[in-house]
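First the structure, in the form of structure tokens, and then the observations on it.
Throughout, protein chains are lettered first and strands after them, A, B, ... in sequence-line order, and every chain is numbered starting at 1. Atom set for the values below is all heavy atoms of this structure, side chains included, hydrogens, waters and symmetry mates excluded.
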Protein chains: 2
Amino acid sequence: MSVGHIGTPTPLVLNEDCPTREVLDRVGDKWSVLVIVLLGQRTHRFNELHRTIEGISQRMLTLTVRALERDGLVNRTIYPTVPPRVDYELTELGRTLLVPLEALNTWANSHRDDIRAARERHDAETADRTVQASG
Amino acid sequence: MSVGHIGTPTPLVLNEDCPTREVLDRVGDKWSVLVIVLLGQRTHRFNELHRTIEGISQRMLTLTVRALERDGLVNRTIYPTVPPRVDYELTELGRTLLVPLEALNTWANSHRDDIRAARERHDAETADRTVQASG
DNA sequence: CAGCATCCAACCAGATACTG
DNA sequence: CAGTATCTGGTTGGATGCTG
């Protein structure tokens with residue numbers, strides 16, 4: 001590259017191409033991680049996931065597993081039986097994702113209290129200022 | 001605990017208390033990671049972040065850094081000068097988060113192509129079925 | 001059992017205008 | 001410079017009813 005005038009030293013700009021963001025777009029939503037963690041333990045059927053993940057709607061579970069399947073993280077196996085049966089399991093790619101997810105989980109467990117403490121401290125200070133402002 | 005009848009073997013249920021989800025609620029949004037990564041390099045001023053993070057609005061940047069500050073991940077320093085100056089930097093807690101984030105980043109870089117390939121394959125198959133269905 | 005289709009409410013987030 | 005306030009369109013996601 002022959003660009004690079006003196007005084008224009010490549011303006012650093014971060015956009016949505018950041019690969020970490022790309023992963024978080026898939027995994028950072030409300031349900032994906034829970035599904036991945038469950039499938040990391042063993043294969044699950046649709047209603048198993050549905051029962052185990054508290055609060056997820058049928059619709060959201062469908063959308064979540066479909067997105068994970070699309071990205072090659074989850075395999076979806078349909079058994080042509082009556083009643084129908086569909087198994088979900090992690091692909092090999094999906095299992096490799098468990099590793100960094102586990103790192104995140106470790107961090108979360110280690111610093112959960114730190115975050116809660118910081119949050120309460122911050123909220124208390126904010127409340128102080130509100131009292132001062134209104135008093 | 002004296003519960004535990006035979007046949008009711010503790011129903012495993014995952015809810016939003018999953019610590020990984022707790023982290024992802026903070027970090028999994030559209031902008032937090034970009035802010036954290038930038039602050040991992042050095043202290044930044046508000047408009048530095050604003051210029052460097054492509055596409056973020058002033059409002060979203062404010063909300064993002066405020067949330068990170070509330071959770072003790074980012075320090076906000078106000079200099080009472082004219083014009084005003086506000087510096088943002090990672091706290092020690094915030095710097096520890098860089099480690100698992102780096103793991104995620106490594107995974108993302110390693111498997112970016114896998115995901116894209118899976119996605120294209122999936123989309124192609126879906127298109128196939130659409131063609132078959134309409135033909 | 002494992003979904004899909006539809007409707008609708010709530011929240012999110014961008015644009016714009018204004019302020020200390 | 002570093003925000004706040006308000007409005008509003010767009011997306012997300014739950015509820016419900018129906019199907020192979």
Side-chain angles (χ1 to χ4, degrees), chain A residues 14-16 21 24-35 38-39 43-70 74-89 122 125-126 129-130 132-134, chain B residues 14-16 21 24-35 38-39 43-70 74-89 122 125-126 129-130 132-134:
Chain A
L14 261 56
N15 53 27
E16 63 292 339
R21 271 294 322 287
L24 288 172
D25 278 346
R26 167 67 42 248
V27 144
D29 67 273
K30 206 176 178 187
W31 306 113
S32 292
V33 167
L34 296 179
V35 171
L38 277 179
L39 297 185
T43 296
H44 282 70
R45 299 180 59 173
F46 185 87
N47 273 353
E48 283 183 317
L49 294 172
H50 193 196
R51 277 191 304 270
T52 309
I53 301 176
E54 193 163 88
I56 195 172
S57 65
Q58 212 173 35
R59 170 190 155 88
M60 287 314 297
L61 180 54
T62 300
L63 293 178
T64 301
V65 293
R66 287 297 208 281
L68 293 173
E69 186 199 9
R70 176 169 183 260
V74 162
N75 268 335
R76 181 163 167 269
T77 310
I78 309 170
Y79 297 94
T81 58
V82 150
R85 170 198 180 119
V86 180
D87 276 2
Y88 293 92
E89 61 181 340
H122 179 92
E125 287 168 14
T126 302
R129 267 186 243 109
T130 305
Q132 287 176 17
S134 64
Chain B
L14 262 55
N15 51 27
E16 64 291 338
R21 271 293 322 287
L24 288 172
D25 279 346
R26 166 67 40 250
V27 144
D29 68 274
K30 207 176 178 187
W31 306 112
S32 291
V33 167
L34 296 179
V35 171
L38 277 180
L39 296 185
T43 296
H44 281 71
R45 299 180 59 173
F46 185 86
N47 272 354
E48 282 182 318
L49 294 171
H50 194 197
R51 277 191 303 271
T52 309
I53 302 176
E54 194 163 87
I56 196 171
S57 63
Q58 213 172 31
R59 169 191 155 90
M60 288 314 296
L61 180 55
T62 300
L63 292 178
T64 301
V65 292
R66 288 296 210 280
L68 293 173
E69 186 201 9
R70 175 167 183 262
V74 162
N75 268 335
R76 181 163 168 269
T77 309
I78 309 171
Y79 297 93
T81 58
V82 150
R85 170 197 180 120
V86 179
D87 276 2
Y88 294 92
E89 61 182 340
H122 179 92
E125 288 169 13
T126 302
R129 265 185 243 110
T130 305
Q132 288 174 15
S134 65

Do A:Leu49 and A:Leu39 have side-chain heavy atoms sitting under 4.5 Å apart?
yes

Examine D:dA2: is either OP1 or OP2 under 4.0 Å from a nitrogen or oxygen in the side chain of B:Arg45? Give yes or no.
yes

Restricting to side-chain contact (heavy atoms from CB on, under 4.5 Å), what partner residues turn up for A:Leu14, sequence neighbours left out?
A:Leu12, B:Leu34, B:Leu38

Out of curiosity, A:Leu68 CG to A:Arg26 CZ, how far, rounded to the nearest 0.5 Å?
6.5 Å

Among all residues two or more places apart in sequence or in another chain, which pass the side-chain contact (heavy atoms from CB on, under 4.5 Å) test with A:Arg85?
A:Arg45, A:Tyr79, A:Thr81, A:Asp87

For B:Ile56 and D:dG3, give me the distance from atom CD1 to atom P, rounded to whole Å.
12 Å

Those residues of residues 60-69 of chain B lying under 4.0 Å from DNA chain C by at least one heavy atom
B:Met60

May I have the distance from A:Ile53 (atom CD1) to C:dA2 (atom P), rounded to whole angstrom?
14 Å

To the nearest 0.5 Å, what is the distance between CH2 (B:Trp31) and CE (B:Met60)?
8.0 Å

Rounded distance [0.5 Å steps], CD in A:Glu69 versus OG1 in A:Thr64:
12.5 Å

Can you measure from NE2 (A:His44) to CZ (A:Arg51) and round to the nearest 0.5 angstrom?
9.5 Å

Grab the CG-C1' distance between B:Asp29 and D:dT12 for me, whole Å please.
15 Å

Per atom distances to the B:Arg59 side chain, the nearest of D:dT6, D:dT4, D:dG14 is D:dT6

Assuming nearest nucleotide by heavy-atom distance, tell me which of A:Lys30 and B:Pro83 is located more 5' along DNA chain D.
B:Pro83

Rounded to the Å, how far apart are B:Gln58 CD and C:dC18 P?
15 Å

Round to the nearest Å and state the distance from A:Glu54 atom CD to D:dG14 atom C1'.
16 Å

Picking from D:dG13, C:dA2, D:dG3, which would you name as closest to the side chain of A:Asn47?
C:dA2

If you compare every side-chain N and O of B:Arg85 against the phosphate oxygens of C:dG20 (OP1, OP2), does one of them come in below 4.0 Å?
no

Does B:Tyr88 reach a base, just sugar-phosphate, or nothing at all? Heavy atoms under 4.0 Å.
sugar-phosphate

Side chain to side chain donor-acceptor pair (under 3.5 Å) involving B:Asn47 - partner list, sequence neighbours excluded
none

Below 4.0 angstrom from OP1 or OP2 of C:dG3, is there any side-chain N or O of A:Arg76?
yes

What is the distance, rounded to the nearest whole Å, between atom NE2 of A:His50 and atom C1' of D:dA15?
12 Å

For the helix from C:dC1-D:dG20 to C:dG20-D:dC1, what angle lies between the axis at the first five pairs and the axis at the last five pairs, to 10 degrees?
50°

Would you mind telling me which of D:dG14, C:dA2, D:dA2 lies closest to the side-chain atoms of A:Pro84?
C:dA2

Can you sort out the partners of B:Arg59 under side-chain contact (heavy atoms from CB on, under 4.5 Å), two or more places apart, ordered by chain and number?
B:Ser57, B:Leu63

